[in-house]
Amino acid sequence: MADVMLMKDIEETADRLGIDLAQVDFDAIRLPPGEDFGIISDDEEVLQEESLEFDSGFGNIIVVDNLPVVPPEKFEKLEGVVRKIFGQIGVIKDDGLWMPVDPSTQKTLGYCFIEYGTPQEAELAKEKTDGYKLDRAHIFTVNMFEDFDRFMKVPDEWAPPEINPYTPGENLQQWLTDEKARDQFVIRSGSDTEVFWNDARHLKPEPVYKRPFWTESFVQWSSLGTYLATIHRQGAAVWGGASTFNRLMRFAHQQVKLIDFSPGEKYLVTYSSHEPSNPRDANRIVINIFDVRTGKVMRDFKGSPDDFSTGGTGGVAGLSWPVFRWGGGKEDKYFARIGKNVISVYETETFSLIDKKSLKVENVMDFCWSPTDPIIALFVPELGGGNQPARVSLVQIPSKEELRQKNLFSVSDCKMYWQSNGDYLAVKVDRYTKTKKSTYTGFELFRIKERDIPIEVLELENKNDKIIAFAWEPKGHRFAVIHGDNPRPDISFYSMRSTHNSGRVSKLTTLKGKQANALFWSPAGRFILLAGLKGFNGQLEFYNVDELETMATAEHFMATDIEWDPTGRYVATAVTSVHEMENGFNIWSFNGKLLYRILKDHFFQFAWRPRPPSFLTPEKEEEIAKNLKKYSKKYEAEDQDVSMLLSEQEREKRRMLKEEWEKWLNEWKRLHEEEKLLRQKLRDGEASDEEEEYEAKEVEVEEILDVTEEVLSDDFDQE
């Protein structure tokens with residue numbers, strides 16, 4: 001709270017003194033030596049808490065214990081073995097290996113010190129070699145040199161920890177109790193980050209919180225909207241509160257670049273990439289998994305990009321984010337990553353591999369979790385030149401039992417799409433034709449919740465059509481596909497149910513020749529926004545899938561981003577700083593009415609605040625839907641009040657404009673009266689100002705324009 005009040009006080013003082021804070025260079029401000037006015041900076045807090053390596057200077061040194069004790073004649077051989085093992089991980093400095101010797105016996109003491117070029121290489125060496133088995137009698141124990149300073153500070157006698165009195169925390173879900181049932185969103189423009197209420201009734205956003213230089217790259221809401229995360233050089237931070245945004249926790253991770261929340265918000269994954277001291281070596285990847293509430297590192301992963309690459313052939317497919325994908329519903333029980341010929345699945349009770357081993361899948365290329373159940377869908381391409389077909393498999397976790405498998409032939413590419421409730425899985429399969437010169441696309445549709453998981457094949461009427469986009473209806477049974485090779489592709493809607501047979505997919509309709517290349521379903525289903533981004537310059541079509549009719553068409557020129565609010569009532573379209581002009585965002589109603597438009601220079605980011613799932617049972621939701629008219633009366637009355645207020649505001653605005661006009665008119669009448677005598681004088685005493693009472697006369701006036709004198713010569717007179 002101190003941070004918020006401090007900034008507020010500074011802004012109020014600046015306003016009172018007439019100082020524009022945007023013009024102030026805060027980095028140029030210097031306090032008197034030794035004086036901090038009781039305010040510890042962010043950098044100082046992190047340095048004090050984490051004791052980073054540049055405080056002591058020994059972050060690149062490790063201590064290796066349980067080495068063989070050898071006489072002088074075997075020193076060189078032992079040193080060669082140690083250098084061979086530890087030199088594979090990083091560059092050991094010149095004279096960077098030291099094995100102490102017992103002066104009385106001239107034998108080594110069984111441990112050594114190794115100095116690397118960078119702290120990252122030293123950390124990787126500790127990670128890779130701690131527990132390394134040289135032989136039966138010698139298993140390495142590796143520690144960071146800096147750790148010994150911490151070990152020495154442990155008191156010899158145990159003392160009970162100090163118990164702090166309990167203080168109740170803030171209600172971090174307070175924003176969900178808004179009486180107007182509004183949603184919040186965050187934007188970044190220039191150096192400012194701002195949070196607003198979407199006050200659609202008043203056709204404008206209502207400010208909640210604003211802070212300059214709040215983050216150094218981007219901000220990100222947690223999965224359920226409880227926290228807002230910011231990124232800094234020292235790590236990440238999460239913010240929240242009942243009435244404002246206070247810093248709740250810090251997560252120290254130097255040079256963090258990317259973050260990801262688990263679905264239940266229990267854990268935060270952070271990622272960074274560090275350049276090695278040797279240019280020939282690969283970058284060093286560091287991934288930490290933090291407990292969001294305590295800030296404790298639950299597990300860390302370190303290695304090269306190849307160690308975290310996706311795809312069955314190591315680094316060919318490259319590294320994609322998030323590296324770890326969460327499963328098991330909202331309980332955050334499991335997370336997994338793909339490796340070479342394996343899928344490593346971890347459980348969060350111990351943060352170790354399930355059954356202490358990875359799931360071996362030869363040449364696995366991709367996988368994804370069911371959004372609601374601990375089920376993994378994985379894809380394996382063809383092997384042996386087509387002798388072994390490609391396949392999609394469903395695997396139950398933690399038993400690792402294969403629930404269903406489908407072999408696929410002549411496969412070029414494959415992509416999997418889960419429906420939000422985990423009821424269906426669509427597999428888009430690109431297949432080669434017999435000549436291998438072209439491909440065509442079809443869909444394999446899995447009905448996950450039905451007995452034996454039946455699979456249905458769907459091919460488009462023109463199976464050679466290129467698939468541009470695919471999207472499931474959230475919480476529903478329908479899906480949409482954009483397909484075609486024309487500049488204006490077609491859009492088809494399908495249902496996993498049909499009137500005659502609920503177990504067959506059926507086509508609902510096809511919209512011909514649409515300017516669209518992206519699909520955005522409302523989170524509540526039923527409505528979909530057909531968008532033409534990039535080459536289509538922001539064409540928008542709001543479509544009602546229940547009625548199979550277009551509700552509205554519109555355009556947001558050069559739109560780059562589209563996002564529905566979590567309730568499905570409103571949708572935002574934005575033009576970010578990818579384009580230099582027209583930066584800002586528009587807020588639309590679900591049926592395509594433009595509610596308001598906000599322009600912002602250097603606009604970088606727009607994100608709605610997510611909502612947690614409703615606590616209402618399906619039966620209660622159904623009851624509310626049946627009695628919607630009864631519940632809606634209250635909101636209709638409120639809407640009418642707001643409408644009257646807006647009408648009153650509009651009338652007040654017009655009244656003020658009329659008063660301003662009359663004031664201007666009366667001023668000119670006053671000036672006209674004051675100049676009456678002057679006008680009468682200019683009219684030679686005529687009093688009237690009416691032009692119709694005067695007779696126009698033409699008056700000739702002679703005026704000498706020029707006089708010239710010419711002298712004639714005498715020759716003319718003589719003649």
Side-chain angles (χ1 to χ4, degrees), residues 8 11-12 14-22 175 177-185 187 189-190 192 194-210 243 540 542 551-557 565 567 569-575 581-601 603 606 629 631-679 688-692:
K8 184 179 179 181
E11 292 172 349
E12 290 177 352
D15 290 340
R16 190 170 64 253
L17 298 176
I19 299 174
D20 184 3
L21 287 179
W175 61 281
T177 63
D178 178 56
E179 292 183 352
K180 300 177 183 177
R182 298 173 298 179
D183 281 288
Q184 291 185 353
F185 59 84
I187 65 170
S189 60
D192 294 333
E194 301 174 78
V195 179
F196 293 92
W197 289 110
N198 173 36
D199 201 342
R201 286 176 171 175
H202 291 88
L203 306 180
K204 62 180 181 180
E206 181 182 318
V208 175
Y209 187 78
K210 178 180 179 180
S243 57
L540 307 173
F542 296 81
M551 298 181 291
T553 57
E555 180 187 41
H556 187 175
F557 186 61
D565 86 324
T567 66
R569 295 175 297 173
Y570 308 102
V571 62
T573 59
V575 179
M581 299 174 60
E582 299 293 324
N583 280 195
F585 63 94
N586 293 355
I587 300 295
W588 311 75
S589 66
F590 72 93
N591 57 358
K593 179 182 179 182
L594 179 60
L595 301 177
Y596 58 90
R597 183 184 188 194
I598 303 295
L599 296 178
K600 290 276 187 180
D601 290 335
F603 186 70
F606 179 102
K629 289 185 178 180
Y631 292 105
S632 62
K633 286 181 180 179
K634 170 189 173 185
Y635 299 103
E636 288 174 357
E638 291 180 1
D639 288 345
Q640 188 174 2
D641 292 342
V642 171
S643 179
M644 291 178 64
L645 176 62
L646 292 176
S647 299
E648 182 62 32
Q649 290 175 347
E650 183 66 23
R651 285 195 293 271
E652 180 67 17
K653 182 179 178 181
R654 291 182 179 181
R655 186 185 62 79
M656 292 177 65
L657 288 173
K658 183 180 179 183
E659 288 182 355
E660 186 177 348
W661 159 254
E662 290 177 346
K663 181 180 178 182
W664 179 86
L665 188 62
N666 291 333
E667 178 66 16
W668 277 104
K669 286 182 177 179
R670 183 186 63 80
L671 292 174
H672 185 268
E673 189 65 27
E674 289 180 356
E675 295 171 351
K676 183 176 182 179
L677 294 177
L678 177 60
R679 291 195 305 277
S688 176
D689 287 324
E690 298 297 332
E691 293 184 2
E692 290 80 0

Asker: Does a side-chain N-to-carboxylate-O contact under 4.0 Å join Lys600 and Asp192?
Answerer: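 Here Lys600 does not pair with Asp192 in a salt bridge, since their nearest N and O are not under 4.0 Å apart.
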Asker: How long is the gap from CZ on Arg569 to CD1 on Ile587, to the nearest 0.5 Å?
Answerer: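 Interatomic distance, Arg569 CZ to Ile587 CD1, rounded to 0.5 Å: 12.0 Å.
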Asker: What is the distance from atom CZ of Arg182 to atom OH of Tyr570, rounded to the nearest 0.5 Å?
Answerer: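 Nearest 0.5 Å value for the CZ-OH distance: 10.5 Å.
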Asker: Write down the atom of Ser189, the atom of Glu194, and the distance for their closest heavy-atom approach.
Answerer: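 Here Ser189 and Glu194 meet closest at OG-OE2, 4.2 Å.
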Asker: In Å, rounded to the nearest 0.5 Å, how long is the span from NE2 of His672 to NZ of Lys669?
Answerer: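 The NE2 atom of His672 sits 11.0 Å away from the NZ atom of Lys669.
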Asker: Before you tell me yes or no, could you show the steps for Arg670 and Glu673 under salt bridge (charged side-chain N to carboxylate O under 4.0 Å, His left out), namely the whole-Å CA-CA distance, both residues' side-chain angles and the distance that decides it to 0.1 Å?
Answerer: CA-CA 5 Å; Arg670 183 186 63 80; Glu673 189 65 27; over 6 Å; no
Asker: In plain terms, say whether Lys663 and Glu659 are close enough for a salt bridge, that is, a side-chain N and a carboxylate O under 4.0 Å apart.
Answerer: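 The answer is no: the pair does not qualify as a salt bridge.
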Asker: Got a second to check how far Asp178's CG is from Gln184's CD, nearest 0.5 Å?
Answerer: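 Going from the CG atom of Asp178 to the CD atom of Gln184 covers 8.0 Å.
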Asker: In Å and rounded to the nearest 0.5 Å, what is the CZ to CG distance from Phe590 to Asp565?
Answerer: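 Output value for this atom pair is 11.5 Å.
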Asker: Between Glu206 and Arg201, is the closest basic N to carboxylate O distance under 4.0 Å?
Answerer: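 Judged by the 4.0 Å cut-off on N to carboxylate O distance, Arg201 and Glu206 do not form a salt bridge.
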Asker: With rounding to the nearest 0.5 angstrom, report the CD to CG distance, Glu582 to Asp601.
Answerer: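 One gets 10.5 Å once the value is rounded to the nearest 0.5 Å.
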Asker: Could you tell me which non-hydrogen atom of Ile187 sits nearest to which non-hydrogen atom of Phe603, and how far apart they are?
Answerer: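 Looking at all heavy atoms of both residues, the closest pair is CB-CE1, 3.7 Å.
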Asker: So does Arg655 have more than 12 non-hydrogen atoms from other groups sitting under 6.0 Å from CZ?
Answerer: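 Enclosed.
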Asker: Testing the basics here: between Trp588 and Thr573, what is the closest heavy-atom pair and its distance to 0.1 Å?
Answerer: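 Minimum heavy-atom contact is NE1-OG1, 2.9 Å.
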Asker: To check you understand the geometry: which heavy-atom pair defines the closest contact between Ala552 and Asn591, and what is its length?
Answerer: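 Answer, listing the atom of Ala552 first, then Asn591: CB-O, 3.4 Å.
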Asker: If I compare all heavy atoms of His556 with all of Val575, which pair ends up nearest, and what's the gap?
Answerer: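 Smallest heavy-atom distance, with atoms named: NE2-CG2, 3.5 Å.
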Asker: Parallel, tilted or perpendicular, judged at 30° and 60°: which one describes the rings of Tyr596 and Phe585?
Answerer: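 Perpendicular.
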Asker: Quick check: are there more than 12 heavy atoms from other residues, nucleotides or ligands sitting under 6.0 Å from CD of Glu660?
Answerer: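 Not more than 12 within 6.0 Å, no.
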